[in-house]
Amino acid sequence: MPLVLPPTVLGFYLLLLLSPQGAVGSVINNIGLSPLPFSFAGLVIASMLYSLPFVV
């Protein structure tokens with residue numbers, strides 16, 4: 001998916017997915033971890049997802 005979508009669209013979908021109301025973000029909030037958007041951990045996850053096609 002990162003190879004097909006432009007980086008802005010991929011970032012928007014990651015924000016929706018990792019937000020506290022999103023699918024992954026709500027699970028992270030229920031566990032008790034800090035929210036991922038606009039944090040260093042979220043940046044690392046997004047960078048890994050965006051760079052994955054270039055690694056493969």
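Since the model is a prediction, treat every value here as computed from it, not as a measurement.
A continuous path of ILVMFWY side-chain contacts below 4.5 Å connects Ile45 to Leu17, so both sit in one hydrophobic cluster. Transitive grouping of hydrophobic side chains (ILVMFWY, heavy atoms separated by less than 4.5 Å) keeps Val9 and Leu15 in distinct clusters. Follow the hydrophobic side-chain contacts under 4.5 Å out from Phe40 and you never reach Leu18; the two are in separate clusters.
In this structure, Phe12 CZ and Leu10 CG are separated by 12.0 Å, a value rounded to the nearest 0.5 Å. Rounding to the nearest 0.5 Å places OH of Tyr50 at 13.5 Å from CG of Leu43.
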Indicate every side-chain donor-acceptor pair of residues 25-39 with a distance under 3.5 Å to a residue at least two apart or in another chain.
residue	atom	partner	partner atom	Å
Ser26	OG	Gly22	O	3.0
Ser26	OG	Ala23	O	3.2
Asn30	ND2	Ser26	O	3.2
Ser39	OG	Leu36	O	2.7
Ser39	OG	Gly42	N	3.3

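Ser51 places no side-chain N or O within donor-acceptor distance of the main-chain N or O of Met48, the cut-off being under 3.5 Å.
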